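Written below as structure tokens is the structure these notes are about.
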Amino acid sequence: MTLQKTLEQKQTVRFYHVGTNPDDFKSFFKEGAKPIGQGVGGQANGFYVWSDENLAENHIQFLNFQQMLKEAIIVGVDTEKEKITYPLWQ
């Protein structure tokens with residue numbers, strides 16, 4: 001289902017974040033996901049998400065293929081659709 005259709009049908013949308021830093025795993029479980037960073041102009045800084053869990057899984061496979069990954073988790077983040085606006089979701 002496309003993000004557009006999901007936004008039309010539901011009050012909340014689930015996004016998927018791939019966590020790759022083992023030091024952050026405990027924080028995810030204790031405190032939940034924390035959107036930090038700028039998120040503008042590339043993936044150097046920010047909290048990046050996919051609108052589909054399969055896309056997040058594909059990213060993990062890509063990182064494994066590039067041998068850039070030892071551990072990873074996928075975190076689902078439910079967000080009220082009214083909060084998905086520019087510039088917050090840039």
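Just so we're clear, the structure is a prediction, and the values are computed from it rather than from any experiment. Scope of the values below: all heavy atoms of this structure, side chains included, with no hydrogens, waters or symmetry mates.
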_Closer than 3.5 angstrom, by distance alone: can the side chain of His17 be matched with the main-chain N or O of Val49 as a donor-acceptor pair?_
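No: the side chain of His17 does not pair with the backbone of Val49.
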*asked:* For a side-chain contact (heavy atoms from CB on, under 4.5 Å) check, start with the C-alpha distance between Val18 and Trp50, then their side-chain angles and the critical distance, and finish with the verdict.
replied: CA-CA 9 Å; Val18 175; Trp50 284 262; 3.8 Å; yes
*Which heavy-atom pair separates Asp52 from Asn54 by the least distance, and what is that distance?*
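Shortest heavy-atom contact: OD1-N, 2.7 Å.
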_Just so I know, are the side chains of Glu82 and Gln11 near enough to count as touching, which here means a heavy-atom distance under 4.5 Å?_
yes
_With a 4.5 Å cut-off on side-chain heavy atoms, are Asp78 and Val13 touching?_
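When only atoms from C-beta onward are counted, Asp78 and Val13 do not touch, as no gap falls below 4.5 Å.
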Euclidean distance, [Y] [atom2] relative to [X] [atom1], rounded to 0.5 Å:
| X | Y | atom1 | atom2 | value |
| --- | --- | --- | --- | --- |
| Phe15 | Ile84 | CZ | CD1 | 3.5 Å |
| Thr20 | Leu63 | OG1 | CG | 7.0 Å |
| Glu57 | Leu55 | CD | CG | 9.5 Å |

*side-chain hydrogen bond (donor to acceptor under 3.5 Å, both in side chains) with Asn58: which residues, sequence neighbours excluded?*
none
*For the pair Thr12 and Thr79, evaluate side-chain contact (heavy atoms from CB on, under 4.5 Å) and give the outcome as yes or no after the intermediate values.*
CA-CA 5 Å; Thr12 61; Thr79 304; over 6 Å; no
